[in-house]
Amino acid sequence: MAKPKKKVAENKSETPPETNTFQDRLDQRISRRQAISRIGAAAIGIGAVVAAAAGGYYYVSTQGGQQRTTTTSSAGPIRIDFFIWQYGVQMVQDNVARYNAAHPESNVVLSSVPQETYGDDVISRFSSAVPTDILYSDVNYQILFEPAGWIAPAEDYFPEITKYKADITPGYLPGFLNKAGKMYGLSYYGDYTCYLYNSRILSQAGITAPAQTWDDVITHAQQIQQKVPSVKFPLAAFFGSYGFWQTFYNFMQGINGPNAAFFDKDLNPIFDTPGGPVFKTIRWLVDAINKYKVMTPDTINYDDPTCANTMGAGTHAYMWEPRYDFIGTNTSPQKEAGNIKQALNPGSGYTSCWMRPYNMTTSNVKRGKDAVQAQWNFQQYFGGKTDDKFNGDYANGTYRVAKRIATDLAVGFVYDPLWSDPDVVTAYNSFGDINIMKAQAQKIVLHQTDGLTKYWTKWSGGFVQGPARTTITALMLGQKPNTDNDIMNALTDLAKQWNDLKASSG
Amino acid sequence: MVSASRRLRGRGALFIFLTTLPALAIITIFTLYPIAFALWSSFSFYDLTNPEKTGFAGITNYAGALQTTGFQHSVEASVVFVIASFFLVVGLALGSALLLNEKFRGVKYLQVIVLLPWAIPIVVAGLMWRWIYDSNYGILNFALQSLGVIPSYQAWLTQANPAMALLIVAYAWSEFPVSTLLILAGLQSVPKELYEAAVVDGARAFARFRRVTLVWLKPVLLIVFVYETLRGITVFDSIYVITKGQPADATAIISYYIYRYLFTFYDVGRASALSIIVLVVSGVLIYAYFKFLRIGSLELRAR
């Protein structure tokens, strides 16, 4: 057994045989130590190559010269990179194509990614300096992107943007402004949580009008359970996916009024106030699910297609979902098409809303004034008013893209004049009542500005789970004890976590 | 002679360098560099929501991660998920492989059917299972109600225990065909002479299984154990599609928890610290498997 070892040892002192052919090399015996040392040498060599390549890349990318974001050629059209999440992409492409045809001096290039990864993709783009001039944004992105030096308020370069404030529904306006009150950009869209009911089910249960108070909601639901046995859970809402917070605020504004909030203006928690708006809202939801058993516990998993499909199928009698899903809830092939109506949110009548603006980037600014102007021209077409040749014209122009989004996709808008546009009226009336939609739009609260900080998502969980969302969900489902004291203890603990985050974030 | 020897040795090193270059380059770029970067990040202040705070963080990220309630919940959920899914997957795979190793009419068709879940993308399979469990239209509710097991449709994924159990079932369905294939390959390599010798020695069926089959399968089972344990720790897609960590974090196992820290909270430092912890735990588990099964180095052929 010792022989092979001896042989290897002997080989060490011998001159290695000539190894000229591939087979020779394969057949060549080498000791384990030799093999390790050679592989190690190879690894070091590769490491050196990679390090040299990385160093070279870093050197080149940090030097002047032909940078990707320097400037545009005076000979060709000015390229504008437009980055969006994937919704209605064909329409966006068509709008871009129309603009490019009308403006040969610029070339708008569209890139899109799925909504689920949009935030990560934007951060990656900015971090690695991928050319981006204008993009879809969100209130919670703006608070991250501006301090990071990635976006710039359009008002700094085009003060005339402030004219649009007069057209914006007041409830949406705070989302357009930075801390200094400057406007970031124009609007992609804005919408709100709507309160829907199934008129057929209500009628079958002997109910003549939708519930107008939160007590009525429970009473109606119990009545429906008795009279219409096929409806096991009359209530459901968009608490799943990215809908949790907008829906929670909808209930909070409805139960407590438009001033109900989690935080005061200095970002101190007020949600741990005994008997306060947050407590009352959780109490109502806990009771609806656990005590009265009129709201499906699965509501915490309801994404917006589920809301539209279950309501459209007659599974529920009352639903709180994004208004832009109303069309999909109440039109063919839904079984209940035509039976779904909208009403003002019960209680105070107020509901939660959200808005998505366009942001111009600082990399656009660095490219020089021609690129900035080209970006602004395009932004006015996509988010503002333009004349027949797609040139910015606030005084006499038309909200072309915002209107098309409303008429073709039934998505909402932030500009009040569009409520009286005949095409919008026809489009919205095809699946609902535009008068109710407009009336509700005047009673909206932008939930995204409550507690607006860079660390809000760490506390809330944002579109997924985090301490606050997890705690409230556990209370709603009865996974945590949910007496009044238990709810208050949970809120006190969440207040502590908020204060810790606030302290650690300076 | 010495210089010639060195030259030849140099040629040998160059040859090894060139032939291993593609593999080593890929490993360096896509495995070693990311691990090194994660290690560096885990000891740094690297929070995209707080870019002003940078530099060496010491063990802050590790301490912070370990102290959060969410982490403790995710570890508990992970332990339950890994243990339960391990036994379910390995049990199913071993049973299926033993069945498919028998010679009976239709076994070839059965092999295709058993391996079919493997051919379905995990995301698609996850969506399918989510529909099966649906509280309003799910076939599970329909079947159980039809059989009189439940009085009315249940929202299974809103209750912690059924949610975890159903998630494990869905995961195991997608996962067991791979291990079945590995074990089946091992079974088909068992020399018939061993069974014949065992029969001559008077061994009954269970003794033949224990003394011949399992012993022969030991190296293959080791691979299956290691693979399924690591898959259990790192599984993400099934959770993302079926439960998204719900209800109230009951199914948010560690990989999903790390994803959230990185892609929702943008806290690269803490997410890296958590990843390193998972890496170390995985390494310890692999080492323990090798030690426990007393296999010093992996050998797929019997001596």
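This one's a predicted model, so the numbers in the text were calculated from it and none came from an experiment. All values below come from the heavy atoms of this structure, side chains included, with hydrogens, waters and symmetry mates left out. Residue numbers start from 1 in every chain, and the chains themselves are labelled A, B, ... in the order their sequence lines are given, proteins ahead of strands.
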Within a strict 4.5 Å, meaning less than it, do heavy atoms of the B:Gln246 and A:Thr473 side chains meet?
yes
At a heavy-atom separation under 4.5 Å, does A:Gln479 approach chain B through its side chain, its backbone, both, or neither?
side chain
Given heavy-atom pairs under 4.5 angstrom as the criterion, report whether the side chain, backbone, both or neither of A:Ile300 touches chain B.
both
Are there over 12 heavy-atom neighbours, none belonging to B:Phe236, within less than 6.0 Å of that residue's CZ?
yes
Which answer fits A:Ile123, side chain, backbone, both or neither, if we ask what part of it has an atom under 4.5 Å from a heavy atom of chain B?
side chain
Ignoring hydrogens, what is the shortest heavy-atom contact between A:Gln465 and B:Asp249? Give both atom names and the distance.
CB-OD1, 3.7 Å
B:Ser135 and side chain to side chain donor-acceptor pair (under 3.5 Å): which single residue from A:Asn301, A:Asp298, A:Thr306 fits?
A:Asp298
Between B:Tyr257 and chain A, with a heavy-atom cut-off of 4.5 Å, which part of the residue counts as in contact: side chain, backbone, both or neither?
neither
The interface call for A:Lys458 against chain B, heavy-atom contacts under 4.5 Å, is both
Segment of B:Asp134 engaging chain A (4.5 angstrom heavy-atom cut-off)
neither
Per-residue tally against chain B (heavy atom, under 4.5 Å) across A:Pro297, A:Ala148, A:Ser241, A:Pro467 peaks at A:Pro297
Stepwise side chain to side chain donor-acceptor pair (under 3.5 Å) test for B:Tyr137 and A:Thr315
CA-CA 10 Å; B:Tyr137 318 111; A:Thr315 307; 3.2 Å; yes
So with a 6.0 Å cut-off around CD1 of B:Ile139, is the heavy-atom count from everything else above 12?
no
Can A:Tyr455 and B:Asp47 be counted as having a side-chain donor-acceptor contact under 3.5 angstrom?
no
Kindly indicate whether the side chain of B:Tyr153, heavy atoms from C-beta on, has any atom under 4.5 Å from the side chain of A:Thr296.
no
Please give me the minimum heavy-atom distance between A:Leu477 and B:Pro247, naming the atom from each residue.
CD1-CB, 3.5 Å
Is chain A contacted by the side chain of B:Tyr256, its backbone, both, or neither, given a heavy-atom distance below 4.5 Å?
side chain
Proximal component of A:Asp121, with respect to chain B [non-hydrogen, under 4.5 Å]:
neither
What part of B:Arg130 is in contact with chain A, defined as an atom under 4.5 angstrom from a non-hydrogen atom: side chain, backbone, both or neither?
side chain
Under 4.5 Å to a heavy atom of chain A? For B:Phe45 that would be neither
Can you give me the closest heavy-atom contact between A:Lys232 and B:Ser152, atom names plus distance?
NZ-OG, 3.0 Å
State whether the number of non-hydrogen atoms from other residues, nucleotides or ligands found under 6.0 Å of B:Tyr287 atom OH is greater than 12.
no
Quick check on B:Leu279: does its CG atom have over 12 non-hydrogen neighbours (other residues, nucleotides or ligands) under 6.0 Å away?
yes
What part of B:Thr68 lies closer than 4.5 angstrom to a heavy atom of chain A: side chain, backbone, both or neither?
neither
Go through it in stages, so that I can follow the logic: the residues are A:Asp120 and B:Tyr266, the test is side-chain contact (heavy atoms from CB on, under 4.5 Å), and I'd like the CA-CA distance, side-chain angles, deciding distance and then a yes or no.
CA-CA 8 Å; A:Asp120 323 330; B:Tyr266 303 124; 3.5 Å; yes
B:Leu48 versus A:Leu144: any side-chain heavy-atom pair under 4.5 Å?
no
Report the C-alpha separation of A:Tyr302 and B:Asn136 in whole Å, then their side-chain angles, then the decisive distance to 0.1 Å, and conclude whether the side chain to side chain donor-acceptor pair (under 3.5 Å) test is met.
CA-CA 11 Å; A:Tyr302 271 32; B:Asn136 296 306; 2.7 Å; yes
